[in-house]
Protein chains: 2
Amino acid sequence: MPKDVIKSADRVFGVLELFRDQQAPLTATEICKYLSYPKSSADALLKSLVSLGYLTLDSNTMRYFPSLRVTQLGEWLPRLLLGEGDTLSMLDELHKFTGETITLCMPNGLAMQFITVIPGTFPISLTIREGQTIPIFATAVGIAQLATRSTEDIQKLAQRANRRTTRTDERVDIDVLKAEIETARSNGYVEAYDRVLTDTGAIAMALPMSQLDRTLVVAVGGLSERIKTNRTQIIQKMRQAVWQLGHSEAS
Amino acid sequence: MPKDVIKSADRVFGVLELFRDQQAPLTATEICKYLSYPKSSADALLKSLVSLGYLTLDSNTMRYFPSLRVTQLGEWLPRLLLGEGDTLSMLDELHKFTGETITLCMPNGLAMQFITVIPGTFPISLTIREGQTIPIFATAVGIAQLATRSTEDIQKLAQRANRRTTRTDERVDIDVLKAEIETARSNGYVEAYDRVLTDTGAIAMALPMSQLDRTLVVAVGGLSERIKTNRTQIIQKMRQAVWQLGHSEAS
DNA sequence: TTGTATATTTCATATATATGAATTACACTA
DNA sequence: TAGTGTAATTCATATATATGAAATATACAA
């Protein structure tokens with residue numbers, strides 16, 4: 001567990017993630033086994049989740065299962081962040097076309113967070129875990145996201161990042177950043193090779209603006225050489241797919 | 001806060017519910033105000049949720065907002081519990097037709113839990129809070145749900161409930177219960193007037209079987225006299241709406 | 001009905017978290 | 001640049017939670 005995370009909070013999501021992955025009712029003992037919790041701790045937590053209405057318990061089988069109130073916590077988000085388009089279909093389309101790892105990210109503090117990852121089909125593919133984060137300043141997805149913001153906002157963020165870090169090699173060179181942003185805005189996409197992730201190339205594009213100042217980014221990533229070789233087709237397909245997303249009607 | 005609920009668990013959902021209701025980025029101070037948390041407690045929790053990837057932080061505005069990972073926790077549930085039909089539209093349709101309070105419940109232990117509540121349009125309407133629970137044995141929605149289970153399961157549940165209660169007036173009369181189940185199965189709906197809720201009448205129907213043994217129930221509820229007066233039309237409309245739901249194609 | 005195995009609950013204690021006051025950081029204005 | 005107001009962080013202490021062992025409950029088979 002990451003340091004400085006409240007244990008119960010981590011466990012709440014651990015339980016919900018387990019159900020999301022298993023998609024079946026589970027007993028307390030099964031949940032304990034999967035998540036390596038002490039029995040009485042898990043029991044207290046599960047009872048809390050039932051009292052709060054987020055888990056249901058079948059009193060005959062003693063199996064727990066999430067309630068639809070879990071769905072209600074998050075079902076309102078896609079429309080605000082993604083609009084009416086079918087983003088998942090778009091990601092699948094990119095995946096079918098390229099065979100590479102397709103990712104959807106959203107900005108989070110000084111990082112980009114991977115929301116959705118569709119793994120590449122090649123033996124050598126970019127491997128990223130959903131939920132993982134990556135720096136916002138030195139990556140294709142980060143630059144693509146920053147390019148959607150005002151120059152003023154970007155400058156404030158860079159200054160804040162520089163205040164926070166003590167290591168000189170982590171400092172953001174604002175002039176270099178500005179140039180990259182310019183290129184990104186001009187091209188409508190960002191390419192990055194062998195940067196934060198070794199041997200990895202990525203081409204990133206911002207999605208049509210969300211209703212909030214949290215523009216999401218889609219990226220195609222994989223072995224640098226392969227991405228470079230196919231860059232023209234990848235960029236073309238991404239442009240088409242993102243354009244289509246922005247012009248889909250409410251379904 | 002309900003007794004015996006872990007404080008942090010309650011607060012995790014409190015934060016997510018706040019965002020679901022507000023649908024806008026919020027600062028830590030705003031969240032503190034809305035939820036009445038001490039600042040340092042809320043800060044620790046918010047930082048945990050960010051570390052876990054469920055909240056995002058805009059470092060310029062210092063505003064938090066949920067990430068799409070919250071959506072992923074619950075978006076898989078409706079298909080398993082409700083099938084492919086558009087249940088919300090069905091509830092809206094019933095609401096337009098009857099003007100009464102429409103509820104969607106799922107079973108939880110020895111109770112039925114209200115997942116969705118569309119308030120009635122009459123000055124005197126049934127008022128129920130989403131998340132609230134009601135006993136499974138003495139209510140229209142409870143009987144409707146139990147009627148979808150085997151006689152054996154129902155008997156075990158009743159015995160378990162009777163073991164648990166000490167009050168004789170709360171004991172389940174298994175013969176009365178069996179008769180009510182019979183009537184429910186025969187009619188395809190359940191009516192109850194002036195039972196657990198004073199002056200309240202309700203007509204309940206089970207939804208087409210979910211893929212799990214957790215059949216949900218829809219109910220029309222309101223002032224007993226009004227429900228009685230309109231019972232024929234209500235039952236007819238509910239039958240039609242529920243049938244249509246069970247025969248909708250994958251969209 | 002009795003015995004056995006597994007699940008659930010209880011309890012004393014160790015560890016984690018919550019709290020409010022104090023301190024530090026940051027943004028904005030003059 | 002300096003001052004002010006607000007936000008964020010830190011810290012000592014009180015309270016809540018986690019834990020593992022023990023006790024109790026439940027289900028099932030003989």
Side-chain angles (χ1 to χ4, degrees), chain A residues 1-15 25-52 55 57-64 109-110 150 152-166, chain B residues 1-15 25-52 55 57-64 109-110 150 152-166:
Chain A
M1 175 177 71
K3 67 174 181 174
D4 293 334
V5 167
I6 292 171
K7 214 173 205 177
S8 296
D10 185 46
R11 287 181 168 174
V12 165
F13 290 114
V15 168
L26 298 167
T27 63
T29 308
E30 287 166 334
I31 293 167
C32 279
K33 279 180 186 164
Y34 278 114
L35 301 182
S36 304
Y37 293 176
K39 279 176 279 183
S40 42
S41 305
D43 217 60
L45 180 68
L46 293 172
K47 279 182 165 47
S48 296
L49 301 190
V50 169
S51 292
L52 294 169
L55 281 191
L57 174 63
D58 182 322
S59 297
N60 279 342
T61 61
M62 297 305 283
R63 287 177 179 272
Y64 293 88
L110 298 169
S150 70
E152 186 182 356
D153 276 0
I154 298 168
Q155 188 135 0
K156 276 167 67 181
L157 205 71
Q159 280 159 356
R160 184 189 297 271
N162 282 340
R163 270 202 299 270
R164 188 165 296 181
T165 191
T166 48
Chain B
M1 178 178 68
K3 68 175 181 175
D4 293 334
V5 167
I6 292 172
K7 214 173 208 177
S8 296
D10 184 47
R11 287 181 169 174
V12 165
F13 290 113
V15 168
L26 296 166
T27 64
T29 307
E30 288 167 334
I31 293 167
C32 280
K33 279 178 187 165
Y34 278 114
L35 301 180
S36 307
Y37 292 174
K39 277 177 279 182
S40 43
S41 305
D43 219 62
L45 181 68
L46 293 172
K47 277 181 167 48
S48 294
L49 301 190
V50 170
S51 291
L52 294 169
L55 280 192
L57 175 64
D58 182 321
S59 297
N60 278 344
T61 60
M62 296 303 281
R63 286 175 179 272
Y64 292 89
L110 298 169
S150 69
E152 187 181 357
D153 276 2
I154 297 169
Q155 188 136 1
K156 277 168 65 181
L157 204 71
Q159 279 158 358
R160 185 188 298 272
N162 283 338
R163 267 201 302 269
R164 187 166 297 182
T165 191
T166 49

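Heavy atoms only: backbone and side chains are in, while hydrogens, waters and symmetry mates are out.
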How long is the line joining [atom1] of [X] and [atom2] of [N], in whole Å?
X: B:I6; N: D:dT19; atom1: CD1; atom2: C1'; result: 13 Å
X: B:D10; N: C:dT17; atom1: CG; atom2: P; result: 16 Å
X: A:Q155; N: C:dA27; atom1: CD; atom2: P; result: 13 Å
X: A:Y37; N: D:dA18; atom1: OH; atom2: P; result: 10 Å
X: A:L45; N: D:dA18; atom1: CG; atom2: C1'; result: 11 Å
X: A:L57; N: C:dA7; atom1: CG; atom2: P; result: 15 Å

**Message:** Could you work out, with salt bridge (charged side-chain N to carboxylate O under 4.0 Å, His left out) as the rule, every residue matching B:D43, not counting sequence neighbours?
**Reply:**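 In terms of salt bridge (charged side-chain N to carboxylate O under 4.0 Å, His left out), with neighbours along the sequence ignored, B:D43 is linked to B:K47.
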**Asked** Which distance, rounded to the nearest 0.5 Å, do you find between the CG of A:D153 and the CD of A:Q155?
**Response**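 Rounded to the nearest 0.5 Å, the CG-CD separation comes to 10.5 Å.
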**Request:** Return yes if some donor-acceptor pair links the side-chain N/O of A:R11 with the main-chain N/O of A:L45 below 3.5 Å, else return no.
**Result:**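 Not confirmed, A:R11 side chain does not pair with A:L45 backbone.
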**Message:** Please check: side-chain N/O of A:S48 versus main-chain N/O of B:I6, any donor-acceptor pairing under 3.5 Å?
**Reply:**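 Yes.
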**Item:** Side-chain touch B:Y64/B:L49, heavy atoms, less than 4.5 angstrom
**Value:**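 Of all side-chain heavy-atom pairs linking B:L49 with B:Y64, none is under 4.5 Å.
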**Asked** Counting side-chain heavy atoms from CB outward, which of D:dA18, C:dA18, D:dA27 is closest to B:R160?
**Response**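 Among the listed nucleotides, the one closest to the side chain of B:R160 is D:dA27.
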Extract from the structure each pairing of a protein N or O with an N or O of nucleotides 6-11 of chain D at less than 3.5 Å, listing the distance.
from  : atom 1 : to    : atom 2 : distance (Å)
D:dA8 : OP2    : B:T29 : OG1    : 3.3
D:dT9 : OP2    : B:D43 : OD2    : 2.6
D:dT9 : OP2    : B:K47 : NZ     : 2.8

**Item:** Residue mapping more 5' on DNA chain D - nearest nucleotide basis, A:A44 or B:K156
**Value:**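 Comparing both residues, the 5'-ward one is A:A44.
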**Item:** Closest-nucleotide 5' rank along DNA chain D - winner of A:N60 and A:R11
**Value:**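 Result: A:R11.
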**D:dT17 phosphate, OP1 or OP2, under 4.0 Å from A:S41 side-chain N/O** =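 Looking at the OP1 and OP2 atoms of D:dT17, neither is under 4.0 Å from any side-chain N or O of A:S41.
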**Request:** Please list, chain by chain and in numerical order, all residues satisfying side chain to side chain donor-acceptor pair (under 3.5 Å) with B:T27, sequence neighbours excluded.
**Result:**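 For B:T27 the side chain to side chain donor-acceptor pair (under 3.5 Å) partners, ignoring immediate neighbours, are B:E30.
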